[in-house]
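A short worksheet on the structure shown next.
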Amino acid sequence: MKAKVIVRLKDGVLDPQGQTIQRSLNKMGHEVTELRQGKYFEIEFNGMKDESAVRQRVEEIAADVLCNPIIETFEIEDIS
Amino acid sequence: MKAKVIVRLKDGVLDPQGQTIQRSLNKMGHEVTELRQGKYFEIEFNGMKDESAVRQRVEEIAADVLCNPIIETFEIEDIS
Amino acid sequence: MKFGVVIFPGSNCDHDTHHVLKSVLGQETVFLWHQDTDLQDVDTVILPGGFAYGDYLRCGAIAKFSPILESVRRHAQDGKLVVGICNGFQILQEAGLLPGVMLRNAGLRFVCRHVWLRTENNQTLFTNACQEGQVLKIPIAHNEGNFFISKQELAELQENQQIVFRYSDAQGDVIPEANPNGSIDSIAGVMNRQGNVMGMMPHPERASEALLNSEDGRFIFKSMINRVH
Amino acid sequence: MEITLDLIESHGLTTEEYEQIRKRLGREPNLTELGIFSVMWSEHCSYKSSRLHLKRLPTQGPQVLQGPGENAGVIDIGDGLAAVFKMESHNHPSLIEPFEGAATGVGGIIRDIFTMGARPIALLNSLRFGPLEDTANQLIMEGVVAGIAGYGNCIGIPTVGGEIQFQEAYSHNPLVNVFCLGIAPAHEIFLARASGVGNALIYVGAKTGRDGIHGVTMASEEFSEDSESKRPNVQVGDPFLEKLLLEACLEAMKTGAVVGIQDMGGAGLTCSTCEMGSRGEVGVEIELARVPQREEKMTPYEIMLSESQERMLLVAEKGRQEEVLEIFQKWDLDAVVIGEVSEGHDLTVYDQGSKIAQMPNKALTEEAPVYDRPAQRPAYLDELPRWQDLDFPEPSDYNTLLQEIVSSPHLCSRRWVFQQYDHMVQTNTAILPGSDAAVLRLKGTSSGLAVSLDGNSRYTYLDPRMGAMLAVAESCRNVVCCGARPLGATNCLNFGSPENPEVMWQFIESVEGISQACEVFATPITGGNVSFYNETNGAAILPTPILGIVGKLEDLKQIRESFFQKVGDSVYLLGETRAELGGSAYLEHLGLPLSGPCPALDLNQEKALQDKLLDLIALECIESAHDVSEGGLLLSLAECCFPRTLGLTMEASTPLRPDHYLLSESPSRIVVSVRKEKEEEFLKRVSDLDVHKLGEVTDEIFQVSVNEQSLISVPITRIFQVWNSFLDGVFEH
Ligand SMILES: Nc1ncnc2c1ncn2[C@@H]1O[C@H](COP(=O)(O)OP(=O)(O)O)[C@@H](O)[C@H]1O
Ligand SMILES: [Mg+2]
């Protein structure tokens, strides 16, 4: 099974990356009002077949490893 | 309107970051068979109201700026 | 020879490069501002190291859209010299003036240290002052210098002798242990097919004065100066 | 909103302090004013527990152009140039989020330097972590190093040196002290003071968000409309923005239209406005509606207290603000006139035209409380074990001992760390990291500056006063070993809670030690930082004063590397080796308890040694000079051999037990190498010193005999290998 996870900065946490990209896009003439950058992960589990088990596993991995809970939150997009 | 874009490495392009995370997960006892890392963007357009116009704009931005076509592909996840 | 050193807002080797060209090597050298399009009649354009636009997205991703880059492209098309050092190399790749892309270093860390480079082709406008196979001691300082290219394009680079420098040991042996960032085929510097645009990750401007532990970088600048007029 | 006892307490103010505020205002403060007072009267901004004692520090000298009190200290270095430098701590933020905490610390100290009109040319850092056996400590260290690298590398200022120690006491309280050095024309120093009624106050840089409104968040929650339950108050650094700010500010200063300038660091807009007003003896008025904001619905309270990074406040000459604004536009920066210098002496804050706060600048700054806190000699000092009473046998195999100590976290190479820092950008780094001090050449002159940061927490724990003197001595010695003369000092004082009398005693003793030493070395203190409350669950860190010394190398041709240069050179030790193992890395390595006494320093003897060394260098009598510190003579000699993988044949005689002799940390010792042709002259010149010939530089074998007994014989490459790669082994598995 394969899980897709998105990690994004919490609201209120400065996103210099996103802001810099946004500023450049604005300069190029794109009227973007906000841009925020996050991370995306695809995780494959060959052995596991049970969705809820995978979900539990992914939540654990995301909370412990993929995301820095002090400034980030995560979301499991899809498991299939 | 707000668009969500995922940029991922093409198959076959080495992902040292993903590999390193995978290795440490394996060491922690998680049986992950593959992990790949990509980028995630949320882009807001205040002025624009038409979905197809936004889509076109986002495609342009993603293709020109957010992604390097030599190694990456992008996907518009959602526009709303 | 007249050199132009481009300043992007986040360039940080612009003054270093200018210093070597002007004060150490006595060449006429001017700065070129990224928002301008006038290249001030320079013979050679140098895109220096740094973080052109913060490079939070990808190194060079934003810089390729700056006004000066259009002029640099034309300069290159006219067969004149363009050199990208470190971030400058990345920008030239993003702009399509040089092949390949830079991935994150294999070790996933920024690496700053002296490395050895073997001159793979000394019949170029950038290396004609080097001996065949000469080994140069020049520092690197980057996080994304892991040169990547498709197998087929790599074969073309090899065939056309576009590979200018490879990472080697002090004896000039190209061995995996001497590769600081995982670059494919240990590539440290390449040029375009025409041979007038070159990019290298190591910083020759940091190795052009005896006080700074190596003067080997001068061979590269001298090569460019040699061919002038 | 009513000011309740709870509210006062949650702002970290005592009821007495609140009374003082009321008296000073002649009325009750409103919430915004309370918030402003609370940050200005916080330990961090007011130095209320330390101010009295910092007065003891020597700050005068003919070379001093600016002492403590401004954003950074300034010393005259000749050639029409000034060195601008300071050190600052970012300990607490680095515990919460190691990467961003360290990164924003670097960003802050850089702003302190360019605020003065100087171009930053070097960064250093001093770090303390818990033992590396614990993965949690590894992660903190990894994050801190990456954060420092991430910021410095991007902005293009080389990180050229520093020091690291590991000790259990830092497991829950790492220390991140960062130092920055800049160069300015000696007569174009900018100060953080407002002047000229009617002059414009310009806000530049990042937009203001709700970052770092800490401690007081809780209080602010109560009145903010849509209060998020847990607002992260971690500050995130943006080195690219700071690079723009740096270039733009230096360019703006050249116009001549900038009257004063101050960075917004801790306490942001609050601190920068009232401090500039107070120093300049003028009033300051600002309109918050004009402040660029990153988040919606920010209250005046939040805007005034935000610690968003990468912001500056400038005072521009009336009528010339456009010139200044244009430059910021060129660099793509937000720059807005948010107020002006006014009559009177108050800070007056408006929001949409209505006045929401008014307080005397002085009440917020100079007239903040000063405490003479009780101090008491800590009880632990009477119970310290003596190292002489520890029963540890002489090692049976010195080859193994050497292998082990060079591959201990305390003594191994810091290469893994400094390779992540761009230490060569700006092409001035003449002596690379890994030597005694970093040396930066000054382009356009034939001279250079040497910088070293030092402090040994084990010594300061055992004896805060002596430990602090040893830190100054070592820092100066490092600078001298490169051929530079120490000129000025900065310091960062990291301690536990000042409300604990024992901690206060450690602090006062350390200040006394620094003062005495800096007087002898003629290195006035030009600035610094105090970080109190470094404790977790009631356990304080070791007292940790860190010293930074800047020295001038008159002639770059006389630069000396710390390591051996050539086979056949003679090796000498200057200075006396006594059995001084208290607080040593050797005992630490053996896993023995921290035991005293710490090594004893004779300041005058140390000074004489350093002066002599400078003479020897000027006369070209020596090829290299390396000081003996942690790890004693043995480590020092090994380090002399490493860079060029040279060997050594050493024969020493001593009344001490050989391991005591080799690993003693007696101060005031320097290993030098001397060319054969110069040996006679060298010996003549050092006849008034304690000199010992140790042996000769050889090809590849590191060979040590003591009292005619051969103890060590091993290829240098083997020792080098383990020393060089130890941290890789820890982090790159
Ligand atoms: N330990 C110290 N020794 C000397 N001066 C100090 C020390 N600690 C603080 N200072 C001085 O007090 C002033 C205020 O320091 P600080 O609040 O850290 O400044 P900033 O807000 O610019 O970072 C500075 O001029 C600083 O140099
Ligand atoms: Mg300051």
Side-chain angles (χ1 to χ4, degrees), chain A residues 1-47 54 57-78, chain C residues 6-14 32-38 47-73 84 86-88 90-97 101-110 142-144 146 148:
Chain A
M1 295 194 93
K2 195 182 208 168
K4 300 181 179 177
V5 180
I6 287 173
V7 173
R8 50 158 80 73
L9 284 172
K10 287 185 184 166
D11 287 343
V13 175
L14 179 72
D15 175 15
Q17 260 121 315
Q19 278 192 2
T20 308
I21 300 169
Q22 186 195 330
R23 253 182 288 141
S24 327
L25 288 174
N26 291 152
K27 268 198 150 168
M28 292 173 202
H30 298 293
E31 280 167 24
V32 172
T33 38
E34 176 147 22
L35 188 150
R36 287 178 77 82
Q37 180 172 346
K39 291 175 193 152
Y40 170 74
F41 299 91
E42 280 178 13
I43 317 175
E44 251 182 76
F45 302 84
N46 260 355
V54 169
R57 178 58 59 97
V58 172
E59 287 205 349
E60 207 180 303
I61 291 176
D64 289 355
V65 181
L66 303 183
C67 138
N68 176 350
I70 297 171
I71 48 174
E72 296 169 327
T73 58
F74 70 90
E75 206 177 293
I76 302 178
E77 273 289 284
D78 182 52
Chain C
V6 178
I7 304 184
F8 296 99
S11 297
N12 61 33
C13 304
D14 43 356
L32 304 170
W33 182 239
H34 67 118
Q35 296 284 20
D36 293 341
T37 48
D38 177 10
L47 306 183
F51 291 72
Y53 284 85
D55 291 0
Y56 294 134
L57 178 62
R58 276 186 331 278
C59 300
I62 310 280
K64 72 168 176 228
F65 294 104
S66 60
I68 194 95
L69 247 272
E70 266 323 299
S71 312
V72 172
R73 200 185 296 277
C86 198
N87 189 232
Q90 295 160 338
I91 294 169
L92 292 174
Q93 287 181 316
E94 281 279 340
L97 289 170
V101 292
M102 293 301 172
L103 302 177
R104 197 79 198 269
N105 291 349
L108 299 182
R109 295 189 202 284
F110 191 97
H142 59 246
N143 204 3
E144 291 176 31
N146 183 349
F148 178 82

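Throughout, protein chains are lettered first and strands after them, A, B, ... in sequence-line order, and every chain is numbered starting at 1.
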Heavy atoms under 4.5 Å from chain C: which residues of residues 18-30 of chain A carry them? A:T20, A:I21, A:S24, A:K27, A:M28

Can you list everything that forms a side-chain hydrogen bond (donor to acceptor under 3.5 Å, both in side chains) with C:K64? Sequence neighbours excluded, please. C:E94

Listed by number, the residues in residues 51-63 of chain C that come under 4.5 Å of chain A (heavy atom to heavy atom) are C:Y53, C:Y56, C:L57, C:I62

Contact list (residues 31-41 of chain A to chain C, heavy-atom gap under 4.5 Å, by number) returns A:Q37

